[in-house]
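Down below is the structure, laid out as structure tokens.
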Amino acid sequence: MAAKHDIVVNELDYKIGKLIKLYISSLERNKDLESKIETLQSELEVAVKEKQDLQEKLKTARVANAISSGEGSLEAKKRINQLVREIDKCIALLNN
């Protein structure tokens, strides 16, 4: 009877040890994945900022091209008005 109990206890001990190892492995994997997520999020933020900067440069280039070629004066006026509004906002923020 004691031998049966020893076998059951040994099996339980083995299974518990295995579960603990799996749990620790899962924690380490989770930590690695969280680190990877943070890295990817920061890379995404940089890429989004770069995209916005490139879009702004493209708008500016299009307006400059439209002004130099004499076409698209309406677009150029809209862009200039937008820039003036942005400048006014910056000035207002500086005055506060």
Worksheet entry | Pairwise side-chain contact, K36 with L40, heavy-atom cut-off 4.5 Å (strictly under) |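 Side chain of K36 against side chain of L40, heavy atoms only: contact under 4.5 Å found.
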
Worksheet entry | Side-chain heavy atoms of L19 within contact of K15, under 4.5 Å |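 Contact flag for L19/K15 side chains = no.
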
Fill in: Heavy-atom donor-acceptor pair, S42 side chain to E38 backbone, under 3.5 Å
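Yes.
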
Worksheet item: Under the 3.5 angstrom rule, does the side chain of S26 hit a backbone N or O of L22 as a donor-acceptor pair?
Response: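 Yes; judged by distance alone, with no hydrogens or angles, the pair exists.
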
Atom pairs and distances, side-chain donor-acceptor, residues 46-62, under 3.5 Å, sequence neighbours left out:
{"unit_1": "K49", "atom_1": "NZ", "unit_2": "D53", "atom_2": "OD1", "d": "3.4"}
{"unit_1": "E56", "atom_1": "OE2", "unit_2": "R79", "atom_2": "NH1", "d": "3.0"}
{"unit_1": "E56", "atom_1": "OE2", "unit_2": "R79", "atom_2": "NH2", "d": "2.1"}
{"unit_1": "T60", "atom_1": "OG1", "unit_2": "E56", "atom_2": "O", "d": "3.0"}

Discussion item. Tell me every residue that passes side-chain contact (heavy atoms from CB on, under 4.5 Å) with L27, counting only those two or more places apart in sequence or in another chain.
Written reply: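 Listed in chain order: Y23.
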
Worksheet item: Got a second to check how far N30's CG is from I37's CD1, nearest 0.5 Å?
Response: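 That separation rounds to 8.0 Å.
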
Can I get a per-line list of side-chain donor-acceptor pairs under 3.5 Å for residues 87-96, giving both atom names and the distance, sequence neighbours left out?
{"unit_1": "N95", "atom_1": "ND2", "unit_2": "I91", "atom_2": "O", "d": "3.3"}
{"unit_1": "N96", "atom_1": "ND2", "unit_2": "A92", "atom_2": "O", "d": "3.3"}

